[in-house]
Amino acid sequence: MTLDKNAIEQAIKARLVEICATLGEDASELDSDEIIPATGLIDSAGLLELVAWYEAHFKLVLAPEEVSIDNLGSLSRMADFVIARRAA
């Protein structure tokens, strides 16, 4: 898997758009720095689905304390977190 930040963000956004579509929301215009939960596009179940997909897709095991706005709040933060974990 490439560690290209843009490619990682696009993969996450594609999945987020799919999840939001099932909720009747359009997340296609979401900016990479927008705080996802604050947008109102996704509910808590959708967020859990996104985090589960994120772990599986990027082959990460997140500790409970890592599931935070600081690490996973936006597309940009999620991509940075993948890159940081892969570099470690």
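Because only heavy atoms are used, hydrogens play no part in the values below, and waters and symmetry mates are left out as well, while side chains stay in.
- No chain of hydrophobic side-chain contacts below 4.5 Å, direct or via other Ile, Leu, Val, Met, Phe, Trp or Tyr residues, connects I69 to V51.
- Side chain of K13 to main chain of L75: no donor-acceptor pair is present (N/O by atom type, distance under 3.5 Å, no hydrogens or angles).
- With sequence neighbours excluded, the residues that form a salt bridge (Lys or Arg N to Asp or Glu O under 4.0 Å) with R15 are E18, E49.
- To the nearest 0.5 angstrom, S74 atom OG is 11.0 Å from L16 atom CG.
- By the rule that hydrophobic residues join a cluster once side-chain heavy atoms approach within less than 4.5 Å of another member, L50 and L48 end up as members of separate clusters.
- Closest approach of R77 to L72, counting heavy atoms only: CB-N, 4.5 Å.
- Put simply, the side chain of E55 never gets that close to the backbone of A52: no donor and acceptor are under 3.5 Å apart.
- Rounded to the nearest 0.5 angstrom, S76 OG and N6 CG are separated by 10.5 Å.
- A pairwise comparison of heavy atoms in G73 and P37 identifies O-CD, 3.8 Å as the closest pair.
- Annotation: side chain of I12 is not in contact with side chain of E9 (no heavy-atom distance under 4.5 Å).
- Around atom CD of E65, more than 12 heavy atoms belonging to other residues, nucleotides or ligands sit under 6.0 Å away.
- Side-chain atoms of I36 and I42, non-hydrogen and from C-beta on, do get closer than 4.5 Å to each other.
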request  = Verify side chain to side chain contact (heavy atoms under 4.5 Å, CB included) between L62 and R85, making sure each step is shown before the conclusion.
outcome  = CA-CA 10 Å; L62 300 174; R85 285 286 296 269; 3.9 Å; yes

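- Judged by distance alone, the side chain of D26 and the main-chain N or O of S28 form a donor-acceptor pair under 3.5 Å.
- The CG atom of L3 sits 6.0 Å away from atom CD1 of I83, with the distance rounded to the nearest 0.5 Å.
- Using a 4.5 Å cut-off between side-chain heavy atoms of Ile, Leu, Val, Met, Phe, Trp and Tyr, with links allowed through other members, I19 and V17 fall into different hydrophobic clusters.
- Both V67 and I8 belong to a single network of hydrophobic side chains, linked directly or stepwise wherever heavy atoms of I, L, V, M, F, W or Y lie under 4.5 Å apart.
- A donor-acceptor pair under 3.5 Å is absent between the side-chain atoms of N71 and the main chain of F81, judged by distance alone.
- In this structure, K5 contributes its side chain and D80 its backbone to no donor-acceptor pair below 3.5 Å.
- The shortest distance between side-chain heavy atoms of D33 and D31 does not fall below 4.5 Å.
- Side chain of Y54 to main chain of M78: a donor-acceptor pair is present (N/O by atom type, distance under 3.5 Å, no hydrogens or angles).
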